[in-house]
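Computed from a prediction, not measured in an experiment: that's the story for all the values here. Throughout, residue positions are numbered sequentially from 1 according to the sequence presented. The analysis underlying the following values was restricted to heavy atoms, covering all of them including side chains, and did not include hydrogens, waters or symmetry mates.
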Amino acid sequence: MKILFLASYFPKPDNPVMGTWALSQAQALVRQGVELLTLSFTTWVPAAIAKTAGAKAYAHCPRQFTWPGGVDVRYPRWLYYPVPPVKQWAYRNPGPYLNLAWWSARQTLIQTIQRFQPDVIFCHHSLPNGWLVAQLPPAEQRPLFVLDHDYDEVADAYHLPRRRAAMQTVAEQATQWLAVSNRMEQDLKTLFPMAQTATHHNGVDLPPTPLAQTPKPPELQGKQVILSCALWSERKGMPLLVQAFGAIAAKHPQAVLRIIGGGPEAAKVTQAIAQLNLGDRVQLLGKRPHPQVLQEMAWADGFALVGWDEPFATVYLEAMAAGKPIICCRDGGICDVVQDSVHGYTVPPKDVTAAAQAMDRLLSHPAQGQAMGRRGQQLIETSLTWDAQAQTLVQRFEQALSREPPKARVPQRVGPSV
């Protein structure tokens, strides 16, 4: 089977922490024995004007790169710029921006399909990638599978009619429209009842064995460690997590909260630490390479991320794969698989008191926490590895191909542009 995989949010050689889950999924698909070609359309930025780290990652990105695991990625350029203020305007009124993306990507996409001759096209995100494929002429159409990852990108179609119209085009063309959580799939069903939908969870790779065997550094010896890791956007609730830890820090003098990441909420995080006089009890580690994140998880006693509206964050799976109990909000997609007091603790969103109580329980009863961590690890090993999820994905593709003879796969019309 030959699969063409479109993923805009995909690691780049100069930005390897961007979209690591997309690379992991691609590597797992390759391990299933399929022939995979990844197209990651990349914003065109002239090197001469690239000043920020993000702009440089775009400008210096090679046209082609092979990642470990034999993942061949092409990085063609297009005129799609997901940056403020254009991003906010285009989010509400995607039509003109999508048409510009199609104009700049059309030739590359068609030529790639003609040369590669995929059996299936698999896209991350309905907008822009799913919409882009829906514009293909009939000769280049293939069974189309679209996987959405963000609650708001779907749910905002309830009140943004132009966004809904663009997504309608995808609904009319997709063989199957997948969501990473049950809640997201329900929104798709309500908004686009004609679409063939399903839930397809993310996965995780099992951590390398040496991580668990590496002793804690001296500064963590004798400490109870709660780890958190995220981009510090408002939705991730990092200041709230610091406040919750502050509420129970005096009761647990040997506990430390270690936070990996950075982002827009950095000032609020540092302000909360200062106001609560937590000093070195909350340790900000900055951004870390993925292997170091996994090592920190191996050293931790528990993982806490109390962000709300988390679709199905792979960071929870990574913590569970390391055998750690988790603390999460109960509105997140991870609660499709995680049970309260079985694999960790689920708390109401934006509730400092509940988050503090969950951390208190975790720190007060370490044996229970270890038991929850083992159960979470077993759950991962039995059903939530990237390999297991990739196998399910390939089965979806095979079923679609078996139902439709090659001549019947070509749609009679292309969905309307918006």
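Within 6.0 Å of CD on Gln395 lie more than 12 heavy atoms contributed by other residues, nucleotides or ligands. Within 6.0 Å of the CD atom in Gln114, the count of heavy atoms belonging to other residues, nucleotides or ligands exceeds 12. For Arg31, the CZ atom counts as densely surrounded, since its 6.0 Å shell holds more than 12 non-hydrogen atoms of other residues, nucleotides or ligands. Within a 6.0 Å radius of CH2 in Trp89, more than 12 heavy atoms belonging to other residues, nucleotides or ligands are found. Crowding of Gln117 atom CD: a count of heavy atoms from other residues, nucleotides or ligands under 6.0 Å exceeding 12. Residue Lys87 places its NZ atom among 12 or fewer non-hydrogen atoms of other residues, nucleotides or ligands, all under 6.0 Å distant. Taking a 6.0 Å sphere around CZ of Arg106, one finds it holds 12 or fewer heavy atoms contributed by other residues, nucleotides or ligands.
Shortest non-hydrogen contact noted between Glu265 and Pro239 is OE1-CG, 3.8 Å. Taking every heavy atom of both residues into account, Ala59 and Val45 meet most closely at CB-O, 3.3 Å. Among all heavy-atom pairs drawn from Ser24 and Asp205, the shortest one is OG-OD2, 3.8 Å. Minimum heavy-atom separation, Thr108 to Pro76: CG2-CB, 3.7 Å. Closest heavy-atom contact between Cys335 and Cys328: SG-SG, 4.1 Å. Across all non-hydrogen atoms, the minimal contact from Ala356 to Ile248 is O-CG2, 3.7 Å.
Between the side chain of Thr42 and the backbone N or O of Ser40, at least one donor-acceptor pair lies under 3.5 Å. Proximity of a side-chain donor or acceptor of Arg92 to a complementary backbone N or O of Ala90 within less than 3.5 Å is not detected. Distance alone, capped at 3.5 Å, is enough to place a donor-acceptor pair between the His343 side chain and the Gln339 backbone. Between the side chain of Glu140 and the backbone N or O of Ile110 there is no donor-acceptor pair closer than 3.5 Å. With hydrogens and angles ignored, the 3.5 Å screen pairs no side-chain donor or acceptor of Thr197 with any backbone N or O of Trp177. Although no hydrogens or angles enter the test, the distance criterion places a donor-acceptor pair under 3.5 Å between the side chain of Arg375 and the main chain of Val342. In this structure, the side chain of Gln176 does not engage the main chain of Gln196 through any donor-acceptor pair within 3.5 Å. Side-chain atoms of Lys324 come within 3.5 Å of backbone atoms of Ala298 as a donor-acceptor pair (strictly under, hydrogens ignored). Judged by distance alone, the side chain of Ser104 and the main-chain N or O of Leu79 form a donor-acceptor pair under 3.5 Å. Side chain of Thr20 to main chain of Pro16: no donor-acceptor pair is present (N/O by atom type, distance under 3.5 Å, no hydrogens or angles).
Taking the charged nitrogens against the carboxylate oxygens, Asp340 and Arg330 have no contact shorter than 4.0 Å, which rules out a salt bridge. Remark: Lys236 engages Glu310 in a salt bridge, criterion side-chain N to carboxylate O under 4.0 Å.
Here Phe122 and His124 bring their ring centres to under 6.0 angstrom of each other. A centroid separation of 6.0 Å or more is found between the aromatic rings of Tyr97 and Trp102. Ring centers of Phe397 and Phe145: under 6.0 Å apart, within the cut-off.
Legend: residues meeting salt bridge (charged side-chain N to carboxylate O under 4.0 Å, His left out) with Asp150, ordered by chain and number and at least two apart, are absent. Partners of Asp72 under the salt bridge (charged side-chain N to carboxylate O under 4.0 Å, His left out) rule, at least two apart in sequence or in another chain, are Arg74. By the salt bridge (charged side-chain N to carboxylate O under 4.0 Å, His left out) test, Asp301 pairs with Lys216, sequence neighbours left out.
With values rounded to the nearest 0.5 angstrom, Asp351 atom CG is found 11.5 Å from Trp308 atom CH2. Rounding to the nearest 0.5 angstrom, the gap separating the CZ atom in Phe65 from the OG1 atom in Thr38 is 13.0 Å. To the nearest 0.5 Å, atom CE of residue Met18 and atom NZ of residue Lys12 are 4.0 Å apart. We find the SG-CG distance between Cys123 and Asn129 to be 5.5 Å, quoted to the nearest 0.5 Å. One distance of note links CG of Asn93 with CG of Leu160; it measures 10.0 Å at 0.5 Å rounding. Distance check: Glu318 CD to Glu296 CD gives 13.0 Å after rounding to the nearest 0.5 Å.
Residue Arg183 forms a salt bridge (charged side-chain N to carboxylate O under 4.0 Å, His left out) with just one option from Asp152, Asp336, Asp309, and that option is Asp309. Looking at Trp78, Tyr80, Phe5, Tyr81 one by one, the single match for ring-ring contact (aromatic ring centres under 6.0 Å, His included) with Phe41 turns out to be Trp78.
Residues Arg142 and Ile113 have side chains in contact (heavy-atom distance under 4.5 Å, counting atoms from C-beta outward).
Asp156 and Tyr91 share a donor-acceptor pair across their side chains, judged by distance under 3.5 Å alone. Asp14 and Tyr58 form no side-chain donor-acceptor contact under 3.5 Å, judged by distance and modelled atom types alone. Of the N and O atoms on the side chains of Asn202 and Thr314, not one donor lies less than 3.5 Å from an acceptor on the other residue.
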Next on the checklist: Apply side chain to side chain donor-acceptor pair (under 3.5 Å) to residues His201 and Gln389 and explain how you reach the verdict.
Outcome noted: CA-CA 7 Å; His201 295 133; Gln389 294 303 92; 4.9 Å; no
